[in-house]
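Take a look at the structure set out below.
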Amino acid sequence: MKMIKVNEWQQEQERLDMVTEKLRSAIVEIEPEVVGLRDQVTDFRKRFWEEVSINTSTHEDFEEAFYSIRQQEALLSERERSHQQRMQRLKSMKRLLPSPYFGRIDFQEDGISFSEHIYIGVSSFVDVDGLSFLVYDWRTPIASMYYDYSPGASAYETPGGRVEGEMTLKRQYHIGDGQLKRVFDTSVTIGDELLQQVLAQGANSQMKSIVATIQKEQNAIIRNDKTRMLIVQGAAGSGKTSAALQRAAYLLYKHRDKLKADQIVLFSPNPMFNSYVSTVLPELGEENMQQTTIQEYLVYWLGSTLQLESPFEQIEYILTSSSSPECEARRSGIHYKASEVFLHALQQYAVWLGKEGMLFRGIHFQDRELIAAEEIQLQFYSYDNTIRLANRVALLQEWILKRLATLERKEQKAHWVQDELDYLDNEQYAEAYRELLKKYQQEEEVVLHMNEQLLDDYGQFLGKEQHEEHNVDFAMQEIEELLRKMIVSGHYKQLRNDVKRFKFIDVIGLYDQLFSDEAAYRNMTNETTVPEQWTEICKQTKEKLSRLELFYEDAAPFLCLKECVEGTRRNTNVRHVFVDEGQDYSPFQFYFLKQLFPRASMTVLGDFSQAIFPQATNLSEEDSPLIKLYGQDETNLIRLVRSYRSTREIVEFTKALLPSEEIVPFERSDQKPHLIKVSGSAERAERMIEHLAELRAEGFESIAVITKTAAESREAYELLNSQSSETLRLITKDTLTFEKGTMVIPAYLAKGVEFDAVLIYDASSHVYDRESERKLFYTACTRAMHRLLLYTTGEWTPFIQSLDPNLYEVEG
């Protein structure tokens, strides 16, 4: 990387001034248009019905009114579209104004005698002639060379084919408020000095766009739009989540004619993370995609029948449980229920249910059994057993609805219907009469005349004047029959809805039935082996179900069984699914997501070194369930080993916690991690308060006190908050927003987020003593960008005791 000459600097500043002036002029020109179109749209909406002539006297009048409405609708849509387009253009230009571009390449295409100057920014800006690009959007095909090539032979892909040539210059800019701050010529994607500046900045309350500092390996993730399953196994701080968000922006740009933001779903590790990443796409001029968590989706599909344990409640149990047989059985059950073996067992169970064992609920109404469960089961097994289970259930559903229709007609003669009829008011009679008119208005004109007579008769009945009694009786007979039908239909509506929602199937009973004795389980599933603690696993599962509750590890298997029986629910609108912290998902959950979004490509981001949940899936092994899910040909695995988040000293420290992992630190130096040993909780609080004040004085605005569990977080928060003038914020699983400041947070909620400084509240062997907690400890330490401080009141955790002492500084 080298600085440019003085005369080149002057030329670049002049060019920047020119682009800035053109941006300002374009903004001044388009703002009145935007305001004018907005006012037009608002006014049009107010006057919409004034411009429409409504007359339905004849068929021709009705048709004319219909087309009048359609015409006004089209005019309104056209103005709204024009307003939206200009508004987007205005926002784009305002985003460019402070820093119109961050990079430049000079490219000479083969067979062309001149070199083109390509300036690259967060969006495109075209000169007034409509042809000359003053700035190219970073997502354009030609801009890809900036990320993928050094000066020399280079190429880019277009819809029309590959374009080859020579890159004669690659230049990077740091621009602020329309002024050049730094300009470098470089032979690599992003020069170290520019990246150093970006990484040296403090952590923010929202993740930042990285388009100016995208690395070559990240660009491969962003522009991959052919693979059905893209797996990104990245070290902590490698920028995998940032690259994924830029990937979403790239997909929306490239496929803007057929892909909308609401057709992309991001599954985040927790609700707070949604807040953390919520500004990235809007910064790039795109609408935000759908953001949710797997917990929210599981709860939605389970409905209100079962209360689902959260993944955070599950991990709290694992982190705080003892080594008792009950706890060991729960851990064993979590692993088994997350496995491909259990998925296969469920599929075999569905085959068995096609022959025997289906459980149904009878259809009841007013303490009466209309259709017995035994009758439903008999009907189900009367169908051809070669028909798929879900299709046979659909046939059964249709049969039950027909039986209900027959029973409903008979029910109209029941005594309780007469009782309700006696208590109806005039408005309900009037409603019935209006329904009667609708029926007759579909018939011949002579019947329409009779309707007029009926209307007159009904007026007499309400007391407006006397009429002949036989006409009143005729009207009342028709109305009463209709009212009986309406009364019964209203009561049977819930029964019909329940049948349509498959409530005649006892799905909870079917799942409970799986956890019988070992011999029954083997018979139902053809499984040859089960966990040693199977009896205790069954006991725990059945006890939970008896309270209409569900362990977190049971949610995906339960839903898979439900769909085997009832048929698969599909969302065919979603085209791209992003899963962050994918290593914490079970194979079952990935299977569920694939079933739910059959037309979607999937991007899974994760780091198996941070697999802190017990049902973790290895993303990078050749036999990974993810590779099996879509097949080798449809799967692409990209590994990111360079860590950009933390200083070299912090990366070397954390890397040593997992010596088998390949992690390359970025050359940005600062202090080594500090280990502080104290005599007790009071001294620890005192020292932490001192350190927090020092970190604030250094300018660090985002600081986290990270604990192991939620209970430890509450303890740390109360202790520090009672002795400090520092404003602290306690983060829980229900926290929805991520903000700057000093926070106290459990390690499992800090995943995916970064802080200027991290204070590990208790790094003792008393807290982190099990080997299974090594990755949790690693995850907590890797949240730090610039400073890492660790405290203990006793012996250090074995993870630290085994480290080279040169990796840290010790304070007394």
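Residue numbers count from 1 along this sequence.
The ring of Tyr297 has its center closer than 6.0 angstrom to the ring center of Phe267.
Scored by the salt bridge (charged side-chain N to carboxylate O under 4.0 Å, His left out) test, Arg361 finds Asp506 as partners (sequence neighbours excluded).
Using a distance-only test at 3.5 Å, with no hydrogens or angles considered, a donor-acceptor pair links the side chain of Thr406 to the main chain of Lys402. At least one donor-acceptor pair under 3.5 Å links the side chain of Thr617 to the backbone N or O of Tyr585. Looking at His335, its side chain does come within 3.5 Å of a backbone N or O of Pro614 through a donor-acceptor pair. Here the side chain of Arg569 pairs no donor or acceptor atom with the backbone of Glu563 at under 3.5 angstrom. Using a distance-only test at 3.5 Å, with no hydrogens or angles considered, no donor-acceptor pair links the side chain of Gln263 to the main chain of Arg575. The backbone N or O of Leu629 lies less than 3.5 Å from a partner atom in the side chain of Lys594, making a donor-acceptor pair.
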Run the side-chain donor-acceptor check on residues 552-560: report pairs under 3.5 Å with partners two or more places apart or on a different chain.
from	atom 1	to	atom 2	distance (Å)
Tyr552	OH	Gln589	NE2	3.0
Glu553	OE1	Gln314	NE2	3.0
Glu553	OE1	Arg330	NH2	3.0
Glu553	OE2	Arg330	NE	2.7
Glu553	OE2	Arg330	NH2	3.3
Asp554	OD1	Lys337	NZ	3.1
Asp554	OD1	Tyr511	OH	2.5
Asp554	OD2	Lys337	NZ	3.1

Tell me, with the steps shown, if Glu398 and Lys500 meet salt bridge (charged side-chain N to carboxylate O under 4.0 Å, His left out).
CA-CA 9 Å; Glu398 185 178 348; Lys500 290 174 183 177; over 6 Å; no
Before giving the answer on side-chain contact (heavy atoms from CB on, under 4.5 Å), spell out for Leu353 and Gln513 the whole-Å C-alpha distance, their side-chain angles and the decisive distance to 0.1 Å.
CA-CA 11 Å; Leu353 289 175; Gln513 183 173 255; 4.0 Å; yes
Residues Thr541, Lys544; criterion side-chain contact (heavy atoms from CB on, under 4.5 Å); working and verdict:
CA-CA 5 Å; Thr541 307; Lys544 195 78 168 172; 5.8 Å; no
Evaluate the criterion side-chain contact (heavy atoms from CB on, under 4.5 Å) for residue pair Ile508 and Leu548; output intermediate values, then yes/no.
CA-CA 9 Å; Ile508 295 175; Leu548 296 180; 3.9 Å; yes
Hey, mind stepping through Thr735 and Leu749 against side-chain contact (heavy atoms from CB on, under 4.5 Å) and telling me if it holds?
CA-CA 10 Å; Thr735 302; Leu749 288 179; over 6 Å; no
Tell me, with the steps shown, if Arg522 and Glu527 meet salt bridge (charged side-chain N to carboxylate O under 4.0 Å, His left out).
CA-CA 5 Å; Arg522 291 176 186 273; Glu527 281 302 315; over 6 Å; no
Stepwise side chain to side chain donor-acceptor pair (under 3.5 Å) check, Tyr383 with Gln379
CA-CA 7 Å; Tyr383 298 129; Gln379 180 65 29; 3.2 Å; yes
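Leu343 is listed as a side-chain neighbour of Tyr591, based on a closest heavy-atom distance under 4.5 Å. Put simply, the side chain of Tyr748 does not reach to within 4.5 Å of the side chain of Asp584, judged on heavy atoms. Looking at Leu495 and Val499, their side chains never come closer than 4.5 Å, going by heavy atoms from C-beta outward. Contact check for Trp352 versus Asn526: no side-chain heavy atoms found under the 4.5 Å cut-off. Side-chain contact between Met602 and Tyr630: present, with at least one pair of heavy atoms (C-beta onward) separated by less than 4.5 Å. Side-chain contact between Val579 and Thr603: absent, with no pair of heavy atoms (C-beta onward) separated by less than 4.5 Å. Ile264 is listed as a side-chain neighbour of His576, based on a closest heavy-atom distance under 4.5 Å. When side chains are defined from C-beta on, Val265 does not count as touching Phe578, because their heavy atoms never get closer than 4.5 Å.
Ring-plane geometry between Tyr336 and Phe342 is classed as tilted, the angle between the planes lying from 30 to 60 degrees on a 0 to 90 degree scale.
Residue-environment remark: CD (Glu313) exceeds the threshold of 12 foreign heavy atoms within 6.0 Å. Other residues, nucleotides and ligands place more than 12 heavy atoms under 6.0 Å from the CD atom of Gln290.
Counted by atom type alone, Gln533 and Ser332 present one or more donor-acceptor pairs between their side chains at under 3.5 Å.
Residue pairs meeting the ring pair (Phe, Tyr, Trp, His ring centres under 6.0 Å) criterion with at least one member in residues 360-381, sequence neighbours excluded: Phe360-Phe380, Phe365-Trp416, Phe365-Tyr492.
Between Glu340 and Lys628 a salt bridge is recorded (basic side-chain N to carboxylate O distance below 4.0 Å). A salt bridge is absent between Lys485 and Glu408; no separation between the charged side-chain nitrogens and carboxylate oxygens falls under 4.0 Å.
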